[in-house]
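In what follows, residues are counted from 1 in the order of the sequence shown. Basis for what follows: all heavy atoms, side chains included, without hydrogens, waters or symmetry-related copies.
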Amino acid sequence: MNTRPRYLPYLLLLLLSLALFLPGQASLPPLDRDESRYTQATAQMFETGNFVDIRFQDQARYLQPAGIYWLQAASVSLLSAPEDRDVWAYRVPSLIGATVAVLLTAWIGNLLFGAPAGFLAAVLMAMSLILGVEARMAKIDAVLLATVLAAQAALAKIYLEDKANQEPSPRWAAAFWLALGAGVMLKGPIILLVVCGTILLLTITERRADWLRRLRPAWGVPLLLLVVLPWFIAIAVTSKGAFFATAIGHNLLGKVATGQQSHGAPPGYYLAAFPLTFWPGSLFAAVAAPFVWATRRDPAVRFCLCWILPTWIVFELILTKLPHYVLPIYPAIACLAAAGLLAPDERHIARSAAALIRAFAALWLVVGIALACWLPVATWLIEARVDLIGVLTAFALVSLLIGTLLLLQYGKAIRAVACAGAAAMVLFASVYAYQLPHLQTIWLSPRIAEAVARARPCTGTIVATVPYIEPSLVFVLGTGTELTDTEGAAEHLRRDPACGVALVGAQERSSFLSLLDAAHLVPRELDHIRGINYSTGKWLELTLYAVSPSG
């Protein structure tokens, strides 16, 4: 098998990734809630000069290590300025991480199944819905995926060379441990779950553990510790141990035992979500399932299955569930799907299996139609207008999806993938670059920031807000923004009647005005903002207030 790199396919994959991931990077406002928590914590690092202790306003953010915040800070320093709060600069690490993940998927697929399969697997990964979402959000998961793939690439190389009775270069072991260290600095033990789960199941199925010595743990583990220990020691001293109590005791173990932040779901959640999260590649994964079963003892297929199963099972059992948690196993699914699509069609598929594939194809089409239609319908329902671009996108997308199924029906799998990829590109470009940014009703924080900029009485005006207390508002207005209650908003204006501003909801208006009257302050309405808080699904009527002394 020729596994030498061919640079033209990687260049094409790079261009494909940018075409899929770039739309929306600058046009989408800061997203609630996780993205804005990350960007605000990074922004505060610049303000305080403290790049060890992670904070959102005055609250410690002891959930994960500092790796992603450092990457975002480096990106902002190189491409923008901290005071500009340009959210696209914070998203660049995710864009790079997602692109690197696509390229590494191609390399791993090439190593396991040959260059054509590697290229096809990378295309399936690049056009997946969940990776497209993560590539546009300034948080951990796209970058974590790149580190997981770097470690898995090194592990696969060592595993296959051992199977061929060859001695792997120590450089692969070094790459393995360095990737583990980088992953731990991003999201703690998550990378260890994926990689160690792969190793454990490989060892069990191989019924031998001697190949593990080729990982060279004697110096590999110290290399890993060299990467992670400096910050862990620094944060242990700075937080007096609170980081570990929160990150492990509350965040990690809490997700295992309870559905945190209303994100609980029963086992089977990720299987049910797969047609959507890996769309449009989920169709090709289903088509390739008979190939995977027939070749499950092949070393390359076994490696992918050992990669997928432990992590998938663990995340299905953990009570807290979010769609992106299983993202690190999707490249292995992409590799198996690509290998199945390219395999000679010499297998007899059982009638029951063929019926299941046809049923899945129907479900896949329904999911695609829903993705095509939901934003045009939402625009009509929310803003009572017809989004012509959205409607045209829906027609184009449905046509491409039907074309994909017809091509598969006639045995033209590669052309079907190309057709599905075109559908993904049309959808992503339209939704992220045009449809979502123009749905103004849901973008409350940028509209509030514009209102404050027009009406602020002083250069250093600070806003107190109730009940709209989303992290994106802190990011666009500044760290001093007070997320408070009705009494806190009134007290803010009492303390600073000359420069203070309060943003108050319609339900809080009566009690807020009563508190101002008791403090002998006369309210002045500066602006009104009406829209949907998409984090809660509630319509809000917000009024921006300043005050003057009575009498």
Side-chain angles (χ1 to χ4, degrees), residues 16-36 86-88 91 94-95 98 126-139 142 275-281 323-324 364-404 419-450 470 472 476 529-540:
L16 175 66
S17 298
L18 294 178
L20 288 166
F21 300 151
L22 276 176
Q25 291 285 345
S27 57
L28 283 174
L31 301 172
D32 284 310
R33 294 178 172 150
D34 276 355
E35 178 180 57
S36 292
D86 290 325
V87 70
W88 65 265
R91 290 170 175 161
S94 293
L95 171 65
M127 65 190 193
S128 64
L129 183 70
I130 190 66
L131 186 58
V133 171
E134 294 300 327
R136 291 170 173 84
M137 297 184 70
K139 55 193 198 73
L276 174 65
T277 53
F278 198 55
W279 185 94
H324 62 267
W364 177 87
L365 180 61
V366 170
V367 168
I369 292 172
L371 288 170
C373 296
W374 76 275
L375 263 179
V377 171
T379 301
W380 171 254
L381 294 176
I382 295 171
E383 298 187 350
R385 64 181 175 87
V386 176
D387 185 341
L388 182 59
I389 298 296
V391 172
L392 292 175
T393 299
F395 278 113
L397 194 63
V398 172
S399 300
L400 288 167
L401 297 181
I402 293 173
T404 299
C419 195
M425 193 172 296
V426 168
L427 179 68
F428 293 172
S430 177
V431 167
Y432 293 123
Y434 180 82
Q435 292 186 67
L436 269 178
H438 282 79
L439 193 59
Q440 289 297 307
T441 305
I442 67 172
W443 303 119
L444 283 172
S445 291
R447 292 166 57 203
I448 293 167
E450 291 171 1
E470 298 299 332
S472 61
V476 298
I529 302 99
R530 181 176 185 272
I532 294 176
N533 180 357
Y534 58 82
S535 295
T536 63
K538 295 180 179 178
W539 279 92
L540 293 177

Practice problem: Would you check, one step at a time, whether the test side-chain contact (heavy atoms from CB on, under 4.5 Å) holds for L436 with I442? | Solution: CA-CA 9 Å; L436 269 178; I442 67 172; 4.2 Å; yes
Quiz item: Between L129 and F428, does a side-chain contact (heavy atoms from CB on, under 4.5 Å) hold up when you go through it step by step?
Solution: CA-CA 9 Å; L129 183 70; F428 293 172; 3.9 Å; yes
Practice problem: Tell me, with the steps shown, if D387 and H438 meet side-chain contact (heavy atoms from CB on, under 4.5 Å). | Solution: CA-CA 9 Å; D387 185 341; H438 282 79; 5.5 Å; no
Quiz item: Stepwise, does the side-chain contact (heavy atoms from CB on, under 4.5 Å) test hold for L540 with I529?
Solution: CA-CA 8 Å; L540 293 177; I529 302 99; over 6 Å; no
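Using a distance-only test at 3.5 Å, with no hydrogens or angles considered, a donor-acceptor pair links the side chain of E383 to the main chain of Q440. Without hydrogens or angle criteria, W364 side chain to W279 main chain gives no donor-acceptor distance under 3.5 Å. The backbone N or O of K139 lies less than 3.5 Å from a partner atom in the side chain of S94, making a donor-acceptor pair. Judged purely by atom type and a 3.5 angstrom limit, Q435 has no side-chain atom pairing as donor or acceptor with the backbone of L427. In this structure, the side chain of R530 does not engage the main chain of W539 through any donor-acceptor pair within 3.5 Å. Listed for the S27 side chain is a donor-acceptor partner under 3.5 Å among the backbone atoms of Y432.
Looking at every heavy atom in both residues, V426 comes nearest to A396 through CG1-CB, 4.5 Å. Heavy-atom minimum distance, P376 versus A372: CD-O, 3.6 Å. When all heavy atoms are compared, the tightest approach of L131 to A126 is CD2-CA, 4.5 Å. Closest non-hydrogen pair, G537 versus I532, comes out as C-CG2, 4.3 Å. Nearest approach of S472 to S445, heavy atoms of both residues: OG-OG, 2.6 Å. For the pair L397 and A423, the tightest heavy-atom approach, listed with the atom from each and the gap, is CD1-O, 3.0 Å.
Note that the CH2 atom of W88 and the CG atom of L28 stand 15.0 Å from one another [nearest 0.5 Å]. With values rounded to the nearest 0.5 angstrom, W443 atom CH2 is found 5.0 Å from L31 atom CG. In this structure, the separation between OG1 on T404 and CG on L365 is 9.5 Å, given to the nearest 0.5 Å. Atoms CG and OG1, on L388 and T393 in that order, are 9.0 Å from each other to the nearest 0.5 Å.
At least one side-chain heavy atom of P280 sits less than 4.5 Å from a side-chain heavy atom of M127. At a threshold of 4.5 Å between non-hydrogen side-chain atoms, the residues T441 and T379 do not count as touching. When side chains are defined from C-beta on, V133 does not count as touching H324, because their heavy atoms never get closer than 4.5 Å.
One finds no salt bridge joining R136 and E35 here, because no Lys/Arg side-chain nitrogen approaches an Asp/Glu carboxylate oxygen to under 4.0 Å.
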